[in-house]
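In what follows, a structure is listed as structure tokens, so that the remarks can point back to it.
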Protein chains: 2
Amino acid sequence: MKISTKGRYALRVMVDLATTDPENYISIKNIANRQKISDKYLEQIISSLNKAGLVKSTRGALGGYKLTKAPKDYTVGMILRSIEGSLAPVSCLDDEENQCPRCSDCVSLYVWEKIYEAVNNVVDTITLQDIIDNSKLR
Amino acid sequence: MKISTKGRYALRVMVDLATTDPENYISIKNIANRQKISDKYLEQIISSLNKAGLVKSTRGALGGYKLTKAPKDYTVGMILRSIEGSLAPVSCLDDEENQCPRCSDCVSLYVWEKIYEAVNNVVDTITLQDIIDNSKLR
DNA sequence: TCAATAACCTACCAAAATAGTATGCTATAA
DNA sequence: TTATAGCATACTATTTTGGTAGGTTATTGA
């Protein structure tokens, strides 16, 4: 039941982009140095964020990434799912194809659904802005 | 963010013990056949449940396992944790030793804590009896 | 008391996932 | 036109997951 490092890094990258200099493009190297993450590994992560439309990029000198929206318009769920896929505790809940043969008479399914709902409820109600506001309190 | 097969099997085993014949000891082979799980794999799982005191055993002919308590006295959390360990989404929340160096100024920690709380709240309020009752409705 | 049964214990193993590297190509701005 | 920085693909080492295998110990019924 763990969030991968990719998911954790993704959230930190989004906070970084939102707080460091939201107006200008910031390079991977820049973020990687500040966040102490391998830049090649970060490249993979931010590429997923880019493909999901959560950030936009320009190449070349002075290139880099910036947010496409205001921090209040990103939920934690949007960010984590773009990296981790579904946050379901069992793959039966992911999509129709991954269902196990006994899904129809699975006594535990009801438990997994409740966990799924609870997790979704948390990640879909906390925004990037909430994280930033919360971190400033300390 | 997935529950392992061990965790899922453990829950099914507990339901099996509670519903098949709660008075008598039931052998691993018996459970494994009914639940279509490898008996050697099941042995590992049920051994953890035994060490955690969730079931008790006797050896020899007519030996096997039975519950130590009434189904209403087990929460899903007790069962899953005995197999999976903590259900925390990040290891920082597990125990003091696993903390990452930047835990003290981690902006995301507040998110992980909320997820942790939400998951705990679900698994600690659903009992084994609830699962059994729910499965009978269908 | 002895043979069958079934838990107990330890070790091993293959496949998949995770976390991260390496290399080369393409677009852009100074 | 060159330095910069994103883009794409492939590779690799480590850890976790999901099992197997084999021998030992305890119990019970005949």
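Letters A, B, ... mirror the listed sequences (proteins, then strands); counts begin at 1. When reading the values below, keep in mind they use all heavy atoms of this one structure, side chains included, and skip hydrogens, waters and symmetry mates.
For the pair Tyr41(A) and dT12(D), the criterion of a side-chain N or O lying under 4.0 Å from OP1 or OP2 is not met. Residue Thr5(A) places at least one side-chain N or O under 4.0 Å from the OP1 or OP2 atom of dA19(C). Within the 4.0 Å cut-off from OP1 or OP2 of dC7(D), at least one side-chain nitrogen or oxygen of Asn50(A) is found. For the pair Ser57(B) and dC8(C), the criterion of a side-chain N or O lying under 4.0 Å from OP1 or OP2 is met. The side chain of Ser27(A) contributes no N or O atom lying less than 4.0 Å from OP1 or OP2 of dT4(D).
Residue Lys40(B) places its side chain closer to dT20(D) than to any other of dT28(C), dT20(D), dA19(C).
Backbone-only contact: Ile28(B) has heavy atoms under 4.0 Å from sugar-phosphate atoms and none from a base. Using a 4.0 Å heavy-atom criterion, one finds that Tyr25(A) contacts no nucleic acid atom at all. In this structure, Ser47(B) reaches neither bases nor backbone, as no heavy-atom distance under 4.0 Å exists between it and the strands shown.
Residue order along DNA chain C, read from the 5' end via each residue's closest nucleotide, puts Ser4(A) first among Ser4(A) and Arg59(A). Both Asp39(A) and Leu62(A) lie near DNA chain C, and the one whose nearest nucleotide falls closer to the 5' end is Asp39(A).
Between Glu43(A) atom CD and dT4(D) atom P the separation is 16 Å, expressed in whole Å. Counting to the nearest Å, the P atom of dT5(C) and the CD1 atom of Ile31(B) are 18 Å from each other. We find that CG of Asn24(A) is positioned 14 Å from P of dG6(D), with the value rounded to whole Å. Residue Lys29(A) contributes atom NZ, which lies 9 Å from atom P of dG6(D) at whole-angstrom precision. Atom CZ in Arg8(B) sits roughly 11 Å away from atom C1' in dG18(D) (whole-Å rounding). For Ile83(B) and dT17(D), the CD1 to P distance is 13 Å, given to the nearest whole Å. When rounded to the nearest whole Å, the span between NZ of Lys2(A) and P of dT15(D) equals 17 Å. When rounded to the nearest whole Å, the span between CG of Leu49(A) and P of dC7(D) equals 12 Å.
Side-chain atoms of Tyr74(A) and Thr68(A) include a donor-acceptor pair closer than 3.5 Å.
Residues satisfying the side-chain hydrogen bond (donor to acceptor under 3.5 Å, both in side chains) criterion with Lys6(B), sequence neighbours excluded, are Gln44(B).
Judged purely by atom type and a 3.5 angstrom limit, Ser86(A) has no side-chain atom pairing as donor or acceptor with the backbone of Asp94(A).
Evaluation of atom-type donor-acceptor distances gives no pair under 3.5 Å for the side chain of Gln44(A) against the base of dC7(D).
Of all non-hydrogen atoms in Val55(A) and Asn50(A), the two that sit nearest each other are O-OD1, 3.1 Å.
The salt bridge (Lys or Arg N to Asp or Glu O under 4.0 Å) pairs that include a residue from residues 63-82 of chain A are Arg81(A)-Asp124(A), where partners are two or more places apart or lie in different chains.
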